[in-house]
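Only one structure is covered here, and it is reproduced in the block below.
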Number of protein chains: 2
Amino acid sequence: MCQLLGMNCNTPTDVTFSFTGFAQRGGNTDHHGDGWGIAFFEGGDCSESDRGLRHFVDHQSAFQSPVAELIRRYPIKSRNVVAHIRKATQGRVALENCHPFVRELWGRYWVFAHNGDLKDFNPRLHGSFRPVGTTDSERAFCWIMQELAKSHASVPSVDELTLTLRELATQISPHGTFNFLLSNGLALWAHASTSLYHVERRHPFTHATLSDEDLSVNFAEQAAPGDRVAVVVTAPLTTNEAWQAFAPGELRVFEGGVLRV
Amino acid sequence: MCQLLGMNCNTPTDVTFSFTGFAQRGGNTDHHGDGWGIAFFEGGDCSESDRGLRHFVDHQSAFQSPVAELIRRYPIKSRNVVAHIRKATQGRVALENCHPFVRELWGRYWVFAHNGDLKDFNPRLHGSFRPVGTTDSERAFCWIMQELAKSHASVPSVDELTLTLRELATQISPHGTFNFLLSNGLALWAHASTSLYHVERRHPFTHATLSDEDLSVNFAEQAAPGDRVAVVVTAPLTTNEAWQAFAPGELRVFEGGVLRV
């Protein structure tokens with residue numbers, strides 16, 4: 001099974017600590033050596049302008065990759081991050097099959113990563129989004145983008161988009177396991193069919209200790225009182241934080257570092 | 001003026017030597033400190049399968065960027081590379097305005113970088129390609145992708161694509177300076193309106209010395225007899241190779257490391 005990591009914050013925050021634990025699962029503490037990827041939205045002073053995107057993919061394991069080493073050491077600050085470590089189930093080990101996938105729609109980049117396996121999901125792709133690789137995941141992403149483009153005329157509000165995504169997820173889910181992360185730089189959507197957890201970090205910040213590596217961080221020293229950070233993962237990354245499990249079929253939306261309800 | 005660097009080869013080759021000289025122009029030997037970017041197509045054993053893409057952009061100068069340092073040290077091998085160093089003329093210094101730009105069409109990634117300045121180029125973008133940033137360059141790229149999508153039903157042959165691109169370039173060129181590089185992983189197209197040069201490296205390989213840094217390389221030690229490499233740049237990178245200047249308005253196509261005529 002692949003591993004997902006998402007982060008949504010109200011101020012640009014680096015993902016170094018969480019990525020360090022996460023990257024251990026790519027070929028060291030767990031068996032996911034078939035590539036990995038991460039995307040960071042980046043922009044100006046307000047989240048409205050987070051239109052820029054850094055996208056790193058590598059078919060080497062995240063544990064060994066020189067690009068992953070760069071991410072661990074170079075603190076890229078972002079309000080929306082989507083990362084993925086791959087265990088190939090469909091599609092060969094190749095760069096074009098590494099998540100997250102990126103497409104442009106309505107003048108914004110959209111980033112998608114999937115954990116799971118979809119059987120017999122071969123929708124008609126008659127629109128402008130075609131898979132480059134051979135995974136079920138990219139096929140699902142292209143279909144979602146095609147349906148979003150049909151449902152709205154321009155970038156919809158976070159609430160409207162949530163309604164559309166909930167409906168689309170319901171149509172794909174019967175085909176198998178469909179845990180996914182999606183972001184357009186304005187919010188982070190997370191859908192669980194089997195396993196996803198999230199934690200919210202906010203004032204008063206405390207110590208956190210990584211499950212996968214002998215490393216702890218005191219967020220109280222790093223974060224300002226108003227900072228809010230939400231982290232979503234396949235399995236809890238730390239041993240001493242209150243990770244909240246998703247229910248099967250649940251879609252959660254994070255904006256400004258908090259769960260939107 | 002921005003700087004362009006393109007490479008097209010018959011076997012996956014690293015761009016480390018050329019990029020080292022090129023990156024010096026981003027904030028050291030020349031004044032292009034407003035960001036940079038590079039894209040590498042990567043795939044399997046034949047160029048037909050070069051569908052994967054690594055895409056690095058940074059709004060820091062290429063001379064100082066930690067990501068550029070990674071590219072200089074980590075020899076990523078590719079048959080088609082497009083790189084760009086930015087001197088902002090239109091659009092602010094921001095990640096979303098860094099070249100090269102990427103879009104997907106017909107299940108292939110397309111990569112575009114531009115050097116120049118287009119005045120009053122505001123075509124109607126009614127198709128599926130919209131700019132994310134605010135540059136004239138991304139606008140031109142989106143229009144080219146839109147027109148390609150209208151002109152062909154699927155990925156055309158290199159020759160057909162050349163005919164279409166030649167016609168499209170003729171329509172954009174009157175708006176200003178339009179030197180560009182475009183690749184879909186199968187070939188590299190280069191269009192000059194003011195300044196582009198190319199060199200072909202092939203057997204018997206010789207020594208080459210960088211203009212921008214005190215570094216030389218003996219390609220005879222690194223390359224096999226059958227290797228063919230074409231490099232396209234805004235201004236010659238080496239002092240002792242036969243760089244061939246483009247004529248104004250000329251579109252050259254490189255495939256398998258040689259100029260296609």
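So you know, we letter chains A, B, ... as the sequences are listed, proteins then strands, and number each from 1.
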For A/Arg103, is it the side chain, the backbone, both or neither that has a heavy atom under 4.5 Å from a heavy atom of chain B? side chain
Give a yes or no on this: more than 12 heavy atoms of other residues, nucleotides or ligands lie within 6.0 Å of atom CD of B/Glu167. no
Assert top hit (heavy-atom pairs under 4.5 Å, partner chain B, pool A/Leu105, A/Val67, A/Val102) equals A/Val67
What part of B/Leu53 is in contact with chain A, defined as an atom under 4.5 angstrom from a non-hydrogen atom: side chain, backbone, both or neither? backbone
Where on B/Asn97 is there a heavy atom nearer than 4.5 Å to chain A: the side chain, the backbone, both, or neither? neither
A/Glu104 versus B/Val132: any side-chain heavy-atom pair under 4.5 Å? yes
Engaged part of B/Pro66 at the chain A interface, taking heavy atoms whose separation is under 4.5 Å: both
Mark yes when over 12 heavy atoms from residues, nucleotides or ligands other than B/Lys150 sit less than 6.0 Å from its NZ; otherwise mark no. yes
For B/Glu138, which atoms come within 4.5 Å of any heavy atom of chain A: side chain, backbone, both, or neither? side chain
Is A/His59 close to B/Glu42 at the side-chain level, that is, under 4.5 Å between some pair of heavy atoms? yes
Smallest heavy-atom separation, B/Trp106 atom then A/Arg130 atom, equals C-CB, 4.3 Å
Once you round to the nearest 0.5 Å, how far does CD1 of A/Ile71 lie from CG of B/Leu70? 9.0 Å
Please report the shortest heavy-atom distance between A/Arg54 and B/Val57, naming the atom on each side. NH1-O, 3.1 Å
Honestly, the part of B/Tyr109 sitting under 4.5 Å from a heavy atom of chain A is both
Euclidean distance, B/Ile76 CD1 relative to A/Leu95 CG, rounded to 0.5 Å: 9.0 Å
